[in-house]
Every structure is written in structure tokens, then in C-alpha cells.
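Some notes on the structure that comes next.
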Protein chains: 2
Amino acid sequence: MSRVTIADVASAAGVSKTAVSFAFNNPKRLGHATLERVLGVAEDLGYMPHPAARALSMRRSGTIGLLIPQRLSTVFANPFVSELIQGLGEQCEEHDLTLLLVPPLDGSLESAIRQASVDGFISLGLSPDDRALEVLDRLGIPTVLVDSDGSPAHPAINIDDEGGAEAAARHLLQLGHRQFAILVLPPARAQVNSTPTATRRLNGYRKALDSAGAPKPVTVVAGISVAAGARAFDSLPKVKDRPTGVLAMSDMAAIGVMSAAQASGLRIPEDLSVVGFDDVPASAWTNPPLTTVRQPIVEKGRLAARFLIQRMKGIKVESPAPLSTSLVVRNSTSRHIDSDLQIKGR
Amino acid sequence: MSRVTIADVASAAGVSKTAVSFAFNNPKRLGHATLERVLGVAEDLGYMPHPAARALSMRRSGTIGLLIPQRLSTVFANPFVSELIQGLGEQCEEHDLTLLLVPPLDGSLESAIRQASVDGFISLGLSPDDRALEVLDRLGIPTVLVDSDGSPAHPAINIDDEGGAEAAARHLLQLGHRQFAILVLPPARAQVNSTPTATRRLNGYRKALDSAGAPKPVTVVAGISVAAGARAFDSLPKVKDRPTGVLAMSDMAAIGVMSAAQASGLRIPEDLSVVGFDDVPASAWTNPPLTTVRQPIVEKGRLAARFLIQRMKGIKVESPAPLSTSLVVRNSTSRHIDSDLQIKGR
DNA sequence: GATCGCTGCTAAACCGCTTTACTAAAGCGG
DNA sequence: CCGCTTTAGTAAAGCGGTTTAGCAGCGATC
């Protein structure tokens, strides 16, 4: 009842284990007749090499790990990761690799890392002070970072967060907005500082706002989900200093803001302009379609996988220049006429 | 430079490998002093057990595989799978399991299965005649099927596809529609028949349409993507026998139909009613919000994982009753007045 | 006829861990 | 003081493959 092993095949075919192994991995080393016979017997017995045994002895598992700093249910609520996986997946398939999702187990990403039998890791949005990074170093497994700071040891794939954010803020500024709300990304994991990504985007917003002399924006941290965006909207000032433009660090949060605003009777974009970040596909179909900062997510995944595969081959690689972002203007933003008038009008 | 092994720790601590192993897996078997010492040395050396070696020797890898019949880039374009993973992930995290994505490698799902070191498989939308199923049987790895026919060997998690489809069609019928287009799901993999899911949904649509004596619908197969939905719309008859209601087997395709229709100047729902299937979150934000058949996707994932975990414990389980579906009526469907009048009016 | 180089195959070591079976020493009741 | 159970630890046998080193046979070469 138990699994067919290489020894079973060997004895059934009347050859050594070596011969069976050669039949699969190095067929030229066998005579034609025995090759056929071994393969035949293996097929009959339904033999397939045990992956773990293979991994142990070959020192490669054929798998790369995607390190996810949060629970799968929260991360996969954001289409961002689906897009990223599309990019990663393309490269994985091209190189015959499978993709292991590694979320924190038992609250600990470190212990999850240990358990994972992979040839390399792609880690998503880790803070530079996350302890998981030490473990990664220690293990000596090739790693590439996405959306966090690189190090000499590990290349990082990033986008021009600051530039994107700046463009978003300038867009709203040009439309006449002065009162802003900024929806900040939460830290990747509890007990850890906010991610470099969040910091850079915030810097971009601030830079634009400051240089235009806009009043200090209200900032609220919002998770990357529609519900979180909705909650964020509810916590915004509604009368005095009411923001007329909101800068969200994710499309999901922006969508949440829009629906909460609409539910409360506001019109988008007439009463409230909102701009997102990421440009996930869904942003094109929302009502109204979302103005947002586009980043090439699929490309990011593809690049990360490519870099990792290079590193796995032992090729040293440097972090590439940040991928460029661009503002895509749709219909969730519009000119803000005059805030006093508008307040009187309500 | 190479990895720290258990033997290194053992000799550094002046104990046997067994002792080191016990220190981690069976601490009670060691005296307090040695336990501390071994753990200390291990920490200093940065020792972590090799996962493949562990998996080999323990006969468990701590990961479950998600068998995906198509390329990751096509599957992850559909939020359905994100939702499913949220459900799976919840259970995985609860049981300290990681999740391995297993797409066809080199065009072959079978070979990908072999490579995967997992304790169990969840397979997505496999046709009953898919060769991958044989491999699964042969391997003797616990498996649960999602969206395909169960077998004595493997339980399957399904939803009431037929009932859901029927409800969708009846809804349109009640609104006065007579001319229908049905967007059929493509087969999971080339060279394979269409999936039981697609068949059941089609049956549901037909049942409702037939019993209402509606004219034969036009059916077109559309992939599960917005682009595929848009193409499907383009291939629909535009004048004679123009459908006024479209029944899509996925929300993504439905969204594609809507945008293509709107791009061609049609109003939704006034000129064309469309209903989707799945009720992915995005369907609530589209313009107009999509009428669709809701299925409990996260729950489906959760259930599949739960069943698999049972099976992995050696507990025999039966396929559960199909999960129920429900029609959620939003604004992409409306009453159809009279087709002749309408055509004249245009 | 000894030597050489192939071809075709195998024995055995190894990958790094777990676990079973066993031993030596210590504790303990009588 | 003696047999008996615990306690603390070890040696060695797996787990199921891959791979190195080497051996036997054999026709070609000199």
C-alpha cells in the first residue's frame, strides 16, 4: 500500500538503484535495452521519485517561496498580490518552478521560513528591521526583496513611490484642492515600523503639498482593504477642515473611501476627489473610474522572479533602478471650485 | 560557508545528533543542563533544520498543494482564486501549513504534481477525464477536489451550480427578456472536456429557458477574464436576434461584456441586461453594480482545506452537499419592455 | 598478446534529519 | 545491599533518492 520506491523498481527490473536513477536523469548512460525495460517497469509500478528525497540529495527543491508578512486572508483581499503572482508565475512556469506561499505561522514569519523547503525567497514589503530578514541572511538562501529596502546581501525591486505620490498630490493641487486627507499604509506586521514604501509615498505627498503651501493634511492609517478605506472615510472631519481631496496609498482603500462617501450622500468627484495607488485592474471599472498612480505590478513580479532566478544560479545582481510610475487620470477627481462657497451651499 | 547541520551543532555541544534532535522535537528527553546548552549552541551557530531532510524523515512536509489547471497568469486574473485562497489560507495558518501553488509546468500538470513535495492536494476545476487525476490516485496523496466531480477516492466540494444558474435565468425571464446569450466557461485545460461546473451551469440556464419556452440562446465560450468577456460581446449578433440578456458564467466575463457594450454605446441595463456568476467583491463596485449569482467562495476554500486536513489525518470523509448559491440583484439587469419597439427606437 | 579506451552497469557513500533500540548511571523501596 | 524502574544519553538504522568511483567485458590498436 505504501509508496513505490526506487528500490522496488530496481529489483523488479533486475538492475541497481543507480540504473533506475540514470534512466530518469541521465538516460545516455544506459544501454537502449535496459533503459526501455527500466522505464517500462517504472511505468507499470507507477513509480515517481519522492520529491523530498530528491530535494535533499540534489540540494534543490524546484520551489521558490513568496514571503508574505500578513495573513493570507488579508493579503489576498488586495488584487495587488494577484497581479504580482501573475508576474512571478510567468517566470516560475518558464523555469519549471512552483511557488510556495509562506505567511506567518503561529504568528511567526521566522518559523514559517524555516519550515519552507525552497531554493529562494521573494519577500514582500518587509520592514528593514523585521527579524525575518536576519533569518533569511542566516539561512543563506537567495532572496530578493519587493517593496522594501535592499541590502548588500539582497537586491530589492522597488518603484518610484515618491514620484508617483508627488504626481498624485500635484494633480489634486492643480485642480484647486487645498484640504487633504492622506490614507497611510499600516505597518507590514505588528511590532514593526512602517514599510519604506509607505514612508516614501508619504514623503512624496508631503513634498508636493509643502511646496504648494497647502495646509497640513489629516492623515489616517488605513489597511489595504475596502472596508478599511470606508472606516477611514468615516473618521475624517466632516465640517471644519473637511478634506476635499483624499490621497490613498492603495486602490482598495480608495474604493472604500468612495463607497463610504457615496453612501453618506457625497458625490464623487464633485464633492470629494479621491486618488488611489497601484492601478489594479478593478480601478478601471469602479463608479466612477478611479484616478490612481499606476505601477507596473506584473512587471514587478516578473522582475523579482528573474532576479531571484539569477541569484539562484549564483549570479550576483544589483538592485535595479526603481520602476517608474505614472498618474492615470480617470473620473474620481475633479476641479474644486471654492471650499467656502461649497460649504455654504450644502 | 555552507549550511550548519545537526552534526555541527552536535559536535560543538559535545553531544550526539540524537540529543540535538531531541532538544528541538522532544525536549523532555534531555536533562535541563544539556538542553540549555544544546539550544544555546544551536542559536549561536544559527542552526536550522533542513526542511527537505526533515520532510523525508518525518514523512510530512507541512505544505499542501493547490493544483491549478491553467497558467498562473490566467488564473490569478480572476479574483475567484484570491477569494478561494483566503479560505484555504485561514485553515493553513491555523494548522501551520504552507500553501504551494502548482500550475502546469512545461505544459504538464502531471509532471508538476510529481515535483511537488506536499502532504495533500486541493485540485481546482479538473475535468473527470484529466490525466492528472490518475497521477493523484497513484501517488496515494490525500486529495480533495473543488469544482469537479468527486469520486470514491476523493471528496469534492461543489456548489449548487445548476440552481444558481437557473435562478439567474429565471430572473431575466421574469424581467421580460426572451433573447439570451450564454457565455460558457472554457475547458480547464486543452485537450479536455469542459468541466462539470460549466456543464451544470449550462444545464441550469437551459432548464429555465426551456421551461419558459424561450428561443434558443446563442452560446459563446469566453475565458474567465474581462478581455474575454469583451471579445464575447463583440461576437454577439447585433441586429437580428440581438440578445437583450446575457448570462455569464463568471463575473469577470460579465464585467467585460458590460464595458464592451458601454463602449459600443449601449446602456446597461436599459439596452442590455447582464448577470454574472460568483459574486466576487469587485462586482459590487462596478458601474452599474453587477447582478450576479453569489457563491460562498471563501467558505468553499475553508471547507476544502478542512476536508483535506481531515483526510491527511487519515479520517475518511464524504463529499458534502453542494453549497448553496443565491441570486444577488443589483443594477445590471432591468425590465425588457418590447424588443420590436426598442429596435425601432434606436 | 598486452594495452588501451569504451560501453554499460553497480556498490557504496552521501544528503541531513528522526527515531528505535539500547546502555549506563542514578534513584528507590525493601 | 540488591533488584527494579527512571533518567539521560547514544549508536545506528532508516527515509528515498543522486552521484562518485570503479569494475567487467570487449573490440580496436600496436
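In what follows, chains are A, B, ... by sequence order, proteins preceding strands, each numbered from 1. This one's a predicted model, so the numbers in the text were calculated from it and none came from an experiment.
- Across all strands shown, A:R59 has heavy atoms under 4.0 Å from sugar-phosphate atoms exclusively, and none from any base.
- Toward the 5′ end of DNA chain C lies the nearest nucleotide of A:V15, the other residue of the pair B:M48 and A:V15 mapping further downstream.
- Rounding to whole angstrom units, NZ of residue B:K17 and P of D:dA8 are separated by 23 Å.
- Between A:V4 and B:G31, it is B:G31 whose nearest contact on DNA chain D lies nearer the 5' terminus.
- Residue A:N25 contributes atom CG, which lies 7 Å from atom P of D:dT19 at whole-angstrom precision.
- At the heavy-atom level, A:N26 lies nowhere under 4.0 Å from the strands shown.
- Of the nucleotides present, D:dC2 is the one that pairs with C:dG29 by Watson-Crick or G-U wobble criteria, both distances under 3.5 Å.
- For the pair A:F24 CZ and D:dG16 P, the interatomic distance rounds to 16 Å; values are reported in whole Å.
- When the P atom of D:dA8 is taken as reference, atom CD of B:E36 falls 14 Å away, rounded to whole Å.
- The nearest whole Å value for the distance from the NE2 atom in A:H50 to the C1' atom in C:dG16 is 14 Å.
- Regarding contacts with the backbone of D:dT18, a side-chain N or O of A:R54 is found under 4.0 angstrom from either OP1 or OP2.
- Once rounded to the nearest 0.5 Å, the distance linking CG of A:L101 with CD of B:E93 reads 10.0 Å.
- A straight line from CZ of A:R29 to P of D:dT18 spans 13 Å, rounded to a whole angstrom.
- Side-chain N/O atoms of B:S57 include none lying less than 4.0 angstrom from OP1 or OP2 on D:dC15.
- Atom CZ of B:R60 is separated from atom P of C:dT19 by 11 Å (rounded to the nearest Å).
- Within the structure, a side-chain polar atom (N or O) of A:T34 is placed less than 4.0 Å from OP1 or OP2 of C:dC9.
- Using modelled atom types, no side-chain atom of A:D106 and backbone atom of A:S108 make a donor-acceptor pair closer than 3.5 Å.
- Side chain of A:D119 to main chain of A:G62: a donor-acceptor pair is present (N/O by atom type, distance under 3.5 Å, no hydrogens or angles).
- Among the protein residues, A:V20 comes within range of no part of the nucleic acid, since none of its heavy atoms lies under 4.0 Å from any strand.
- In a base pair of the Watson-Crick type (N1 to N3 plus N6-O4 or O6-N4) or a G-U wobble (N1-O2 and O6-N3), with each distance short of 3.5 Å, C:dT3 is matched with D:dA28.
- Between the CZ atom of A:R114 and the C1' atom of C:dC17 there is a distance of 16 Å, rounded to whole Å.
- Side-chain N or O atoms of A:S61 include one that pairs as donor or acceptor with a backbone N or O of A:S117 at under 3.5 Å.
- Looking at A:T18, its side chain comes within 3.5 Å of the base of D:dT19 through a donor and an acceptor atom.
- In this structure a side-chain-to-backbone donor-acceptor pair under 3.5 Å is present from A:Q86 to B:F76.
- Counting heavy-atom neighbours within 6.0 Å of A:R131 CZ, excluding the residue itself, gives a total of 12 or less.
- Residue contacts shown for B:S21 include a base, since a base heavy atom lies under 4.0 Å away.
- Comparing C:dT10, D:dG17, C:dC17 by their nearest atom to the side chain of A:A19 picks out C:dT10.
- Remark: B:Y47 is not in phosphate contact with C:dG16, judged by side-chain N or O atoms under 4.0 Å from OP1 or OP2.
- Nearer the 5' end of DNA chain D, as judged by each residue's closest nucleotide, is the contact made by B:L30, out of B:L56 and B:L30.
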